[in-house]
Amino acid sequence: MKKAIYIFVISILIISCSEKYNSPIQVDIATELEEELKDGRLLVIFSPDSTPEPRFGINDEVSSNQVFGMDFEDFEAGNPIILDPESFGYPVEQLKDFPKGEYYVQAFIQKYETFERADGHTVKLPMDQGEGRQWARAPKNIYSTPKKVLLDGENLSLTIDQEIPPFQEPEDTEYIKHIKIKSELLSKFWGRDMYLGAHVLIPEGFDQNPNHYYPLMVFHGHFPDDFGGFRTIPPDPELGEDDYSARFGIYGYAKLQQQEAYDFYQKWISPDFKRFIIIEIQHANPYYDDSYAVNSENLGPYGDAITYELIPHIEKQFRGIGEGWARFLYGGSTGGWEALAAQVFYPEEYNGCFAACPDPIDFRAYTTVNLYEDKNAYFLNGTFRKTPRVGKRNYLGHVSAMLKDMNHKELALGGDKSRSGDQFDIWQAVYSPVGNDGYPEPIWNKQTGEINPEVAAYWKENFDLRYIMERDWKKLGPNLEGKINIYCGDMDNYYLNNAVYLTEAFLEQTQDPYYAGEVAYGDRAEHCWNGDPSLPNYITRLRYNTMYLDKIEERLRVTAPSNFNQQNWTLTKN
């Protein structure tokens, strides 16, 4: 009987092993694509479907495609690249554990460039190519045509024969202008020419009133291809009501967006609408689609470059008033954090921020992690069990992703040097000190989740916005009074409301002066609620440029000089 059980167990193990794939994967590069290839990261991506392409289907959800990633250096033309069988993967971590079967497979290479930085470090990173640091769409990156394969233990061979074409720059229009400047501060840091850009919406009557100067609204957020939400023609009549937005659960969202954009244009040109300039900044960099608009050891002095190089350049070219009382900040998510951070770090350069659903502004609630007390980011550990820490939910609290999975996705895509271009990696790149290897010092072990308390202490002193305000309120308070406004849904998908609660508790007890701003929450509102409880989020997210004008008007009434025209928001200069 024991012998029969033994034979049965061995048979099961053999069958189980036979259902896993453990053969080499070879990737060849077409001759015409070899010349500019030196360093990079190879991704091999598997999908059950052919559309969209496998490279576009890697995400935090249970429906994510499978990816294995491996860095390589000093590629030699004429030689294939063999995927290391120990390469880390997501969702399945090891190639040997990946089940056999029928898949669509695609090989992709994200190219790295070498930077000789002013801090003495040499690093290899994927430079933005004008697309906003999106690896799957970045010009010059190369990939294979998706191929249907039966993964059955035989060696797999793929050929990379496609290259992503250059990005097309948007053209100027009557109201929207595009600028790009070389930043001396950033160029010095990175050891090469580095640029900042912006899309500028100029006010009605700009050309007809050459003596009028205008307040500036800085709309912070992710990399914008062009100025968004502004349309000078009615919605496309061909758009119907049959297109579905899975995010918001409604039909006809594309047409609704166009209608909102056209409505904004109609307001913009109306005779009784206020006159001001709006800018959306392009500050993509080797780590992410934007810089978080602060000075960082790893990214360089983006805060100073934006505040002291880019904004004065725009104000000079487009007749901005050019003084702190006439500048305002707003944005959501990443843009919400940036709006608050810019106001805190440059308190006299801006006259108010409206931070919606901001990324964690108190690291005691770094999503669902307390960086100062927790030992592990991925698990709640007890004596006899451990529970995975949640990372994403919907408005009902139903969880769709764990922090471990979200970070393992980034580890597969970008390795262990913050190069994925994704959320936790950019936080780490912005907030961390530089490690001995020149890359960001990890806040936690990307594979295990073990937190580094020394790095957490550095984050606290330099980028925990609540802590910095509390630590320095005696100095900062007089310059922040009336300027801080924060909005967040109480069911934010990424638990960002928890950090807002902690920050509100501090702000409400401030004295000499009291902060005199506003913190508000949306009932059962998800990411990214921005302050209007009377309308659904899918509408209000399209109205950032008009959402806070009443509050800005009151702020200008209190703080603007007497020669400022409160009726149309202009300052006349001869």
Side-chain angles (χ1 to χ4, degrees), residues 173-177 198-220 227-232 260-280 311-312 314-331 339 342-343 347-356 479-485 487 516-518 520 530-532 534-535 539-540 542-574:
T173 68
E174 179 182 359
Y175 293 97
I176 299 173
K177 311 299 180 183
H199 307 310
V200 184
L201 182 64
I202 62 173
E204 171 73 6
F206 179 84
D207 291 330
Q208 292 75 33
N209 297 281
N211 295 325
H212 283 185
Y213 289 73
Y214 306 93
L216 179 72
M217 309 297 163
V218 183
F219 184 8
H220 274 298
F227 194 94
F230 188 86
R231 181 182 176 89
T232 59
E260 284 288 324
Y262 181 64
D263 290 347
F264 177 45
Y265 161 69
Q266 295 284 6
K267 290 180 180 179
W268 191 253
I269 64 174
S270 64
D272 58 346
F273 195 74
K274 306 298 185 181
R275 305 305 186 205
F276 52 93
I277 302 164
I278 306 175
I279 64 170
E280 296 181 359
I311 286 178
I314 292 171
E315 289 173 325
K316 182 178 180 180
Q317 183 170 342
F318 298 103
R319 300 201 308 272
I321 292 171
E323 297 182 30
W325 65 264
R327 300 184 188 125
F328 296 86
L329 305 148
Y330 51 83
Q343 186 66 77
E348 297 184 66
E349 299 296 336
Y350 303 99
N351 198 15
C353 72
F354 302 86
N479 289 318
L480 292 180
E481 183 181 5
K483 295 182 178 181
I484 297 174
N485 305 279
Y487 310 96
E518 178 182 36
N530 58 0
D532 187 344
S534 66
L535 290 171
I539 293 289
T540 61
L542 305 175
R543 297 183 178 180
Y544 272 99
N545 291 318
T546 57
M547 178 77 72
Y548 311 113
L549 293 184
D550 289 345
K551 295 179 175 65
I552 291 173
E553 182 173 30
E554 177 60 21
R555 187 74 189 154
L556 286 171
R557 187 189 65 79
V558 173
T559 60
S562 59
N563 60 338
F564 179 71
N565 187 328
Q566 297 284 353
Q567 296 303 311
N568 68 1
W569 286 9
T570 64
L571 191 66
T572 302
K573 296 182 181 181
N574 295 323

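Everything quoted here is computed from the prediction, not taken from an experiment. Every heavy atom of this structure was used, including side-chain atoms; hydrogens, water molecules and symmetry mates were not.
- Applying the salt bridge (charged side-chain N to carboxylate O under 4.0 Å, His left out) test to Lys551 and every residue at least two apart in sequence or in another chain returns Glu518.
- Note that the OG1 atom of Thr570 and the CZ atom of Phe564 stand 7.0 Å from one another [nearest 0.5 Å].
- Using a 4.5 Å heavy-atom cutoff, the side chains of Leu542 and Phe264 are not in contact.
- The aromatic rings of Phe276 and Phe273 sit tilted, their planes meeting at an angle between 30° and 60°.
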Below 3.5 Å, can you tabulate the donor-acceptor pairs from side chains in residues 204-220 to any protein atom, sequence neighbours excluded?
from	atom 1	to	atom 2	distance (Å)
Glu204	OE1	Tyr175	OH	2.5
Asn209	ND2	Gly205	O	2.8

Donor-acceptor pairs under 3.5 angstrom involving side-chain atoms of residues 321-330: please list them, not counting sequence neighbours.
from	atom 1	to	atom 2	distance (Å)
Glu323	OE1	Trp325	NE1	2.9
Arg327	NE	Glu315	OE1	3.4
Arg327	NE	Glu315	OE2	2.8
Arg327	NH1	Glu349	O	3.2
Arg327	NH1	Glu349	OE1	3.0
Arg327	NH2	Glu315	OE1	2.9
Arg327	NH2	Gly322	O	3.4
Tyr330	OH	Asn545	OD1	2.6

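- Asn530 contributes atom CG, which lies 11.5 Å from atom CD1 of Ile539 (distance to the nearest 0.5 angstrom).
- Side-chain contact between Ile279 and Phe318 is absent, with no heavy-atom pair separated by less than 4.5 Å.
- Atoms CG and CH2, from Leu556 and Trp569 in turn, are 5.5 Å apart once rounded to the nearest 0.5 Å.
- Not counting sequence neighbours, Lys177 has no partner by the salt bridge (charged side-chain N to carboxylate O under 4.0 Å, His left out) test.
- Taking CD1 of Ile278 as the start and NE2 of His199 as the end, the distance is 13.5 Å to the nearest 0.5 Å.
- Partners of Ser534 by side chain to side chain donor-acceptor pair (under 3.5 Å), not counting sequence neighbours, listed by chain and number: Asp532.
- Judged by distance alone, with hydrogens and angles left aside, the side-chain atoms of Asn485 form a donor-acceptor pair with the main-chain N or O of Cys353 at under 3.5 Å.
- Atom CG in Leu535 sits 7.5 Å away from atom CE in Met547 (nearest 0.5 Å).
- Asn563 is listed as a side-chain neighbour of Leu571, based on a closest heavy-atom distance under 4.5 Å.
- Shown here are the ring-ring contact (aromatic ring centres under 6.0 Å, His included) partners of Tyr350, two or more places apart in sequence or in another chain: there are none.
- Under the rule for a side chain to side chain donor-acceptor pair (under 3.5 Å), the partners of Arg543 that lie at least two apart in sequence or sit in another chain are Glu260.
- Heavy atoms from other residues, nucleotides or ligands lying under 6.0 Å from CD of Gln566 number more than 12.
- Applying the side-chain hydrogen bond (donor to acceptor under 3.5 Å, both in side chains) definition to pairs two or more places apart or across chains, those involving residues 265-277 are Tyr262-Gln266, Ser270-Asp272, Lys274-Glu553.
- Applying the salt bridge (charged side-chain N to carboxylate O under 4.0 Å, His left out) rule to Glu554 yields the partners Arg557; only residues at least two apart in sequence or on another chain are considered.
- In this structure, the side-chain contact (heavy atoms from CB on, under 4.5 Å) partners of Thr559, at least two apart in sequence or on a different chain, are Asn351, Arg555.
- Nearest approach of Gly331 to Ala339, heavy atoms of both residues: N-CB, 4.4 Å.
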